[in-house]
**Student:** 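Next up is a structure, given as structure tokens.
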Amino acid sequence: HRDLHSFPTRRSSDLRLSQQDPGFKTDNLWTGVTVLPQAQYGDSATRQHFAEQLQNQIRTLPGMQDATISTGFPLAGGFGATLYARAEGNVPPVAERKGAPSNDITPGWFRTLGIPVIAGRDFTEQDVMDHPNVVIISKSGAKTVFGDENPIGKTLLVTSSSVPVEVVGVVGDVRSVQLNQHNEMEFYRPFAQENFPFVSITVRSALPPDTVTRSVQSALHLIDPGLALILPQPVNQIMAQALGQAKLMMVLLGVFAGVALLL
């Protein structure tokens, strides 16, 4: 009787999960990762040059609609946690500041993933190391930090070093950490101004995933034959895994709740 009674609830929960909008367009999207050795890619400028080369090389390949580079991919890891605070008013000490998912991206990343730019602008080729530090934040982040104020042109202090960055854009919310988790803030920094040795490659193409994998591997080996392509896969596969993890968490929470009631 209990199983029959609870079945519709599980079905409705599964339906709500499957209908969750991740904030980006998953069809015809592919992603893979490579890791840059410290010996050859020991500084941000060298890693930025590699990213430019690889992105341009992939974009010239037949059947590639778009390609972009970042340090992470939504729901697949790589989004670090960045401390942040408003630069005006009573600035809290670093230990009391909130943290939010962050990603370092090349220009066109939002276009490739189908994430709308709601206000301001995307990053451009001018957002480089020796230019002013800039940041793009999510729609929810803009509401959380600035309320009804226009966030464009405002300054945030980010990371434990309190780096001042100017908000130049606001984009749609993305489920970057978990499919069933809404983040009140998400950060994006230009890959040319901040980056790490972990490079996520994203391609939009109608070609079969295996064909995209072979093409990206060829482009990668042309630039550096010593680099390996890790976890190449269609993004729909990541979404299926994220959905499965979310369902598992719901089942475990239900079990724990049942045990708690019995106790």
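These numbers were taken from a predicted model, which means no experiment stands behind them.
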**Student:** With a 6.0 Å cut-off on the ring centroids, do Phe191 and Trp109 count as close?
**Tutor:**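 No - the distance between ring centres of Phe191 and Trp109 does not fall below the 6.0 Å cut-off.
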**Student:** Taking all atoms of both residues into account, what is the closest heavy-atom pair of Arg86 and Lys154, and its distance?
**Tutor:**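 Between these two residues, the closest heavy atoms are NH2-NZ, 4.0 Å.
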**Student:** Passes side chain to side chain contact (heavy atoms under 4.5 Å, CB included), Ile137 versus Tyr84? Steps please.
**Tutor:** CA-CA 11 Å; Ile137 60 177; Tyr84 68 94; over 6 Å; no
**Student:** What heavy-atom pair brings Pro92 and Arg97 nearest, and what distance separates the two atoms?
**Tutor:**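 Minimum heavy-atom contact is O-NE, 2.9 Å.
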**Student:** Which heavy atom of Asp122 sits nearest a heavy atom of Pro107, and at what distance?
**Tutor:**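 Nearest heavy atoms, Asp122 then Pro107: OD2-C, 4.3 Å.
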**Student:** Hey, what do you get for OG1 (Thr213) to CD (Gln233), rounding to the nearest 0.5 Å?
**Tutor:**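 CD of Gln233 is found 9.0 Å from OG1 of Thr213.
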**Student:** Salt bridge check: are Asp66 and Arg111 linked by an N-O gap of less than 4.0 Å?
**Tutor:**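 Looking at Asp66 and Arg111, the cut-off is met.
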**Student:** Could you walk me through whether Leu75 and Met239 satisfy the side chain to side chain contact (heavy atoms under 4.5 Å, CB included) test, starting with their C-alpha distance in whole Å, then the side-chain angles of each, then the deciding distance to 0.1 Å, before giving a yes or no?
**Tutor:** CA-CA 8 Å; Leu75 301 173; Met239 290 299 298; 3.6 Å; yes
**Student:** Can you label the angle between the Phe110 ring and the Phe123 ring as parallel, tilted or perpendicular, going by 30° and 60°?
**Tutor:**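 Tilted: the ring planes of Phe110 and Phe123 meet at 30° to 60°.
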**Student:** Side chains of Leu231 and Phe73, heavy atoms from C-beta outward: is any pair under 4.5 Å?
**Tutor:**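 Leu231 vs Phe73: side chains apart.
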**Student:** At what distance, to the nearest 0.5 angstrom, does NE2 of His182 lie from OG of Ser176?
**Tutor:**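 Spacing of NE2 (His182) from OG (Ser176) equals 10.0 Å.
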**Student:** Can you confirm whether Val94 sits close enough to Ser162 that some side-chain heavy atom of one is under 4.5 Å from a side-chain heavy atom of the other?
**Tutor:**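 Yes - at least one pair of side-chain heavy atoms lies under 4.5 Å apart.
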**Student:** Taking atom CD as the centre, does Glu125 end up with more than 12 heavy-atom neighbours from other residues, nucleotides or ligands that are less than 6.0 angstrom away?
**Tutor:**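 Atom CD in Glu125 is not packed in, count stays at 12 or less.
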**Student:** Closer than 3.5 angstrom, by distance alone: can the side chain of Gln193 be matched with the main-chain N or O of Pro132 as a donor-acceptor pair?
**Tutor:**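 Side chain of Gln193 to backbone of Pro132: a pair is present.
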**Student:** In the structure I gave you, are the side-chain heavy atoms of Val171 and Val117 within less than 4.5 Å of one another anywhere?
**Tutor:**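 Yes; the side chains approach each other to less than 4.5 Å.
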**Student:** Between Ser70 (side chain) and Asp104 (backbone), is there a donor-acceptor pair under 3.5 Å?
**Tutor:**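 Here the side-chain-to-backbone pair does not exist.
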**Student:** Taking C-beta and beyond as the side chain, do Pro37 and Leu227 meet within less than 4.5 Å on heavy atoms?
**Tutor:**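 Yes; the side chains approach each other to less than 4.5 Å.
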**Student:** Less than 4.5 Å apart, any side-chain heavy atom of Ile201 and any of Leu229?
**Tutor:**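 Touching, per the 4.5 Å side-chain cut-off.
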**Student:** Do the side chains of Ile105 and Leu54 join up, straight or via other hydrophobic residues, at under 4.5 Å, putting them in one cluster?
**Tutor:**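 No: no chain of side-chain contacts under 4.5 Å links Ile105 to Leu54.
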**Student:** Among Thr106, Thr31, Thr112, whose side-chain hydrogen bond (donor to acceptor under 3.5 Å, both in side chains) with Thr68 holds?
**Tutor:**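 By the side-chain hydrogen bond (donor to acceptor under 3.5 Å, both in side chains) criterion, Thr68 pairs with just one of Thr106, Thr31, Thr112: Thr106.
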**Student:** Less than 4.5 Å apart, side chain to side chain, heavy atoms only: is that true for Val163 and Glu194?
**Tutor:**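 SC-SC contact between Val163 and Glu194 ruled out.
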**Student:** Is the closest side-chain heavy-atom distance between Met185 and Thr144 below 4.5 Å?
**Tutor:**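 SC-SC contact between Met185 and Thr144 ruled out.
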**Student:** Is the Phe50 ring parallel, tilted or perpendicular to the Tyr41 ring (thresholds 30°, 60°)?
**Tutor:**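 Perpendicular.
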**Student:** Mind listing the closest non-hydrogen atom pair of Asp21 and Arg175 along with its distance?
**Tutor:**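 Where Asp21 meets Arg175 most closely, the heavy atoms are O-CG, 3.7 Å.
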**Student:** Are Leu36 and Phe196 linked, directly or through other ILVMFWY residues, by side chains that come within less than 4.5 angstrom of each other?
**Tutor:**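 No: no chain of side-chain contacts under 4.5 Å links Leu36 to Phe196.
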**Student:** Hydrophobic cluster membership, with links at side-chain heavy-atom distances under 4.5 Å among I/L/V/M/F/W/Y: are Val177 and Val33 in one?
**Tutor:**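 In one cluster: no.
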**Student:** Report the distance from atom CE of Met64 to atom CD1 of Ile58, rounding to the nearest 0.5 Å.
**Tutor:**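 Interatomic distance, Met64 CE to Ile58 CD1, rounded to 0.5 Å: 7.5 Å.
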**Student:** Once rounded to the nearest 0.5 Å, what's the spacing between atom CD1 of Ile238 and atom CG of Leu179?
**Tutor:**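 The CD1 atom of Ile238 sits 12.0 Å away from the CG atom of Leu179.
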**Student:** Establish whether Ile136 and Phe24 are linked, either directly or via other cluster members, by ILVMFWY side-chain heavy-atom contacts under 4.5 Å.
**Tutor:**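 Same hydrophobic cluster.
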**Student:** Considering all heavy atoms of both residues, which atom of Asn195 and which atom of Thr71 are nearest to each other, and what is their separation?
**Tutor:**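 Distance-wise, the nearest heavy atoms are CA-CG2, 4.3 Å.
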**Student:** State plainly whether one hydrophobic cluster holds both Leu29 and Leu207, where clusters connect Ile, Leu, Val, Met, Phe, Trp and Tyr through side-chain heavy atoms under 4.5 angstrom apart.
**Tutor:**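 Not linked; separate clusters.
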**Student:** Would you please name every residue forming a salt bridge (charged side-chain N to carboxylate O under 4.0 Å, His left out) with Arg121, sequence neighbours left out?
**Tutor:**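 Only Asp127 meet the salt bridge (charged side-chain N to carboxylate O under 4.0 Å, His left out) criterion with Arg121.
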**Student:** Does Arg189 use its side chain to pair, donor to acceptor, with the backbone of Val134 at less than 3.5 Å?
**Tutor:**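 Side chain of Arg189 to backbone of Val134, a donor-acceptor pair under 3.5 Å: yes, one is there.
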**Student:** Mind checking salt bridge (charged side-chain N to carboxylate O under 4.0 Å, His left out) for Asp148 and listing every partner two or more places apart, or none if nothing turns up?
**Tutor:**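 Asp148: salt bridge (charged side-chain N to carboxylate O under 4.0 Å, His left out) contacts with Lys143.
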**Student:** Donor-acceptor check, side chain of Gln53 to backbone of Ile223, threshold 3.5 angstrom: yes or no?
**Tutor:**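 Side chain of Gln53 to backbone of Ile223: no pair is present.
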**Student:** Where do Asn183 and Ser140 come nearest, in terms of heavy atoms and distance?
**Tutor:**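 Smallest interatomic distance, heavy atoms only, reads O-CB, 3.8 Å.
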**Student:** What's the spacing between Glu88 CD and Leu156 CG if we round to 0.5 Å?
**Tutor:**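 The CD atom of Glu88 sits 8.0 Å away from the CG atom of Leu156.
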**Student:** Do Tyr188 and Val135 have side chains that approach each other closer than 4.5 Å (heavy atoms only, starting at C-beta)?
**Tutor:**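 Tyr188 does not reach Val135 side chain to side chain.
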**Student:** Passes side chain to side chain contact (heavy atoms under 4.5 Å, CB included), Phe187 versus Val165? Steps please.
**Tutor:** CA-CA 11 Å; Phe187 281 104; Val165 293; 5.8 Å; no
**Student:** Main chain of Ser138, side chain of Asp173: is a donor-acceptor contact present, judged purely on distance under 3.5 Å?
**Tutor:**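 Checking the backbone N and O of Ser138 against the side chain of Asp173, no donor-acceptor pair under 3.5 Å is found.
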**Student:** Would you give the length of the straight line joining atom OG1 of Thr82 to atom NZ of Lys98, rounded to the nearest 0.5 angstrom?
**Tutor:**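 Answer for the OG1-NZ pair, Thr82 versus Lys98, is 15.0 Å.
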**Student:** More than 12 non-hydrogen atoms from neighbouring residues, nucleotides or ligands closer than 6.0 Å to CZ on Phe198, yes or no?
**Tutor:**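 Atom CZ in Phe198 is not packed in, count stays at 12 or less.
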